[in-house]
Structures are given as C-alpha cells and as structure tokens.
Amino acid sequence: LSLCDWAQTNDIDIKILPNEVQMTKDKIVLDDTLGIPIILLISNPVRDFDYFLKRVLDIAFSLIILIILSPLFLILALLIKLDSKGPVLYKHLRIGYNEKEFYCYKFRSMISDAGKQLNNLTKNSLQQNKAFLKLEDDARITKIGKFIRKYSLDELPQLFNVLKGEMSLVGPRPIVKWELEQIKKIYHNYSYKKMFKVLPGITGLWQVSGRSLLNDEKRLELEIFYVDNWSLNLDIKILF
C-alpha cells in the first residue's frame, strides 16, 4: 500500500514540497492537457495577455506623465544648457529585452566629454571584480547634474524609450555591455538571463529596495526575484 493510498483511506490531505527546483506561486500552472495533472513551470510570466496589459498601461501612463511634466522638461532643458556646454539629452547604449542593444535616453548630467574618461573608471571596477559600475563623487557630474540625479529627474526622457517599446515603466534596470560581461564572468549560472526575459524598466524592485546601498549580488537577486514574481500589483507597488 503506497503512502498516498494510506493517506486517502485515512482522510489525510497530502502536501508536497518540491526540492529539485525553486518554484514560486506566480509561475506554476497545473496542466492536464495529456489527461493527467502535470506541473508546468512558466519560463516567462510576462507574456500573452499579461504582456499586452502591461504594455497598454506603460503607453497610457507614459503619455499622461509626459503631458503633465512637459513644463518641467522645458525648465530642465534650459538649466542644463545654461549650466554647461553640450546637448540637453544624452543617449547611452544599453542591453535590453532578449539581450538586444538599444539607446537609453537621459537628461545630460555630466560634462560633454564624460564618455572619454569612462575607461579608467571601468578598469578600477574590473580590478575590484565588481559586476556593476558604481560611481561616487564623480568629478564629471555638473552642478545641475547632481540635482537631477538626486531626484532621478535625469531618467525622465526614458519615457520616450517606453513609448518606443524598448523599456517599461517597471522592470530590471538596463545594464551596459561591460556590466553584462562582468556578470557572465562572476556568476557562472544562467539565472541572470531572466533579467532579459522582460522589458527593462525606468524603475524597479532594486531601485526602491536600496539602490546603490546594496551590493552586486543583492541587486542581481532582486532583479531576478522581480521577473519570477511579476504581477501588475507588484508593478503598482513599485511605482508608488
């Protein structure tokens, strides 16, 4: 007599704790297509109707925010122009959905030739074996740049990335190619690839959970957790 048969004859319910794979409630479906119950692990929780709904909300909210904040955009553009030479907007090559490259828009918060000085800073992070580039007291940042960075106002132009379908309001932070190479080097499992199964976000779980105060491993853990446990309710909580 099997354990299941014994439990059923004694009116005892059975609970099974899976220990072979890490499961979360949001990515498990009971599939009976073949006539028998099968546990289906969803590879990407943001797809089909969920993806459509998230995309519609992204477009709607982005348009509303752009209209409301259009006077602020003009003020910031003027302040940036008056503060230092160079363009108002800055576009940076990032890694997005399915590891495809795209240009991420930002209000320029650094001097115009800041990119030329970046190699020395990345070399320092390479020597320290860090996955993400963290810059503190960066001399390249302008006066107005410090202000817009403090309140994340430099990120506002990414609303245009959202409208173009390159980003979402909420998602894993888009990283640069150098950071991706470091992640592959330091973290040998493939869990980091989950970050690229959804559109990258203007904000996300990492940003509202401590941002630069968290180490690289915790940041990666939060980005992966977001993808595994995605829901519209979670997006709304992060936005607030």
Side-chain angles (χ1 to χ4, degrees), residues 54-55 57-97 101-118 121-122 125 132-176 178-179 195 198-214 219 222-223 226 234-240:
K54 183 176 171 67
R55 185 79 190 109
L57 291 176
D58 276 343
I59 293 172
F61 281 120
S62 294
L63 286 172
I64 292 171
I65 295 170
L66 281 169
I67 292 170
I68 294 173
L69 296 185
S70 55
L72 178 61
F73 272 65
L74 293 173
I75 294 171
L76 290 175
L78 180 61
L79 291 174
I80 292 168
K81 268 294 184 185
L82 292 173
D83 186 47
S84 62
K85 294 180 180 180
V88 170
L89 292 179
Y90 170 75
K91 60 179 186 179
H92 197 206
L93 198 61
R94 299 290 180 107
I95 309 296
Y97 181 67
E101 295 183 339
F102 73 99
Y103 282 105
C104 180
Y105 303 126
K106 301 180 90 173
F107 277 124
R108 182 175 59 81
S109 60
M110 294 185 176
I111 55 177
S112 57
D113 63 342
K116 296 178 182 179
Q117 303 176 29
L118 189 61
L121 296 168
T122 54
S125 291
F132 301 103
L133 185 62
K134 295 179 182 179
L135 304 177
E136 296 179 2
D137 299 323
D138 192 340
R140 302 174 303 160
I141 301 175
T142 61
K143 290 180 181 179
I144 186 64
K146 290 179 181 179
F147 173 78
I148 62 176
R149 280 182 167 225
K150 182 179 179 180
Y151 298 101
S152 296
L153 297 175
D154 58 320
E155 313 283 358
L156 288 177
Q158 289 162 33
L159 290 167
F160 293 107
N161 287 117
V162 175
L163 292 178
K164 290 173 65 178
E166 297 167 333
M167 293 181 68
S168 174
L169 290 175
V170 182
R173 189 68 189 144
I175 60 177
V176 298
W178 173 87
E179 290 174 329
M195 292 193 300
V198 298
L199 288 173
I202 296 178
T203 189
L205 190 59
W206 164 65
Q207 287 93 323
V208 300
S209 301
R211 204 169 183 171
S212 58
L213 297 176
L214 304 176
R219 172 181 173 176
L222 286 170
E223 301 286 37
Y226 169 80
L234 178 60
D235 273 7
I236 292 170
K237 286 181 178 179
I238 291 172
L239 282 172
F240 273 107

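Side chains are part of it too, since the values below use all heavy atoms of this structure and drop only hydrogens, waters and symmetry mates.
Here the closest non-hydrogen pair linking Leu222 and Ser209 is CD1-CB, 3.7 Å. Closest approach of Val176 and Leu93 over heavy atoms only: CG1-O, 3.9 Å. Nearest heavy atoms, Met167 versus Arg55: O-NH1, 4.3 Å. Pairing each heavy atom of Tyr226 with each of Gly171, the nearest pair is CE2-CA, 3.7 Å. Between Pro174 and Gly201, the shortest heavy-atom distance links the atoms CD-O, 3.6 Å. The shortest non-hydrogen separation linking Tyr97 to Leu199 is CB-CD2, 3.8 Å.
To the nearest 0.5 Å, atom CD of residue Glu223 and atom CD1 of residue Ile175 are 9.0 Å apart. The distance from the CG atom of Leu72 to the CG atom of Leu66 is 11.0 Å, given to the nearest 0.5 Å. Atoms CG and CG, on Leu169 and Asp58 in that order, are 4.5 Å from each other to the nearest 0.5 Å. The CD1 atom of Ile65 sits 8.5 Å away from the CG atom of Leu156 when rounded to the nearest 0.5 Å. For the atom pair CZ of Phe160 and CG of Leu89, the computed distance is 8.0 Å after rounding to the nearest 0.5 Å. Taken to the nearest 0.5 Å, the OH atom of Tyr90 stands 7.5 Å off from the CE atom of Met110.
The side-chain heavy atoms of Leu159 and Phe61, taken from C-beta on, include no pair separated by under 4.5 Å. A heavy-atom distance below 4.5 Å is not found between the side chains of Tyr103 and His92. The closest side-chain heavy-atom distance from Glu101 to Ile95 is below 4.5 Å. Looking only at side-chain heavy atoms (C-beta outward), Asp235 and Leu57 stay at 4.5 Å or farther from each other. A heavy-atom distance below 4.5 Å is found between the side chains of Val208 and Thr203.
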Requested in this report: Test side chain to side chain contact (heavy atoms under 4.5 Å, CB included) on Arg108 and Ser84 and set out the steps.
Outcome: CA-CA 10 Å; Arg108 182 175 59 81; Ser84 62; 2.9 Å; yes

**Report entry** side chain to side chain contact (heavy atoms under 4.5 Å, CB included) evaluation trace for Ile59 with Lys54
**Finding:** CA-CA 9 Å; Ile59 293 172; Lys54 183 176 171 67; over 6 Å; no

**Report entry** Worked check of side chain to side chain contact (heavy atoms under 4.5 Å, CB included) between Leu153 and Phe107
**Finding:** CA-CA 8 Å; Leu153 297 175; Phe107 277 124; 5.6 Å; no

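Gln158 pairs by the side chain to side chain donor-acceptor pair (under 3.5 Å) definition with Glu155, Arg173, not counting sequence neighbours. Listed by chain and number, the residues in a side chain to side chain donor-acceptor pair (under 3.5 Å) with Asn161 are Glu166 (sequence neighbours excluded).
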Side-chain donor-acceptor distances from residues 74-81 under 3.5 Å, at least two apart:
{"residue": "Lys81", "atom": "NZ", "partner": "Gly86", "partner atom": "O", "Å": "3.1"}

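A donor atom on one side chain and an acceptor atom on the other are not found under 3.5 Å apart for Asp154 and Ser109.
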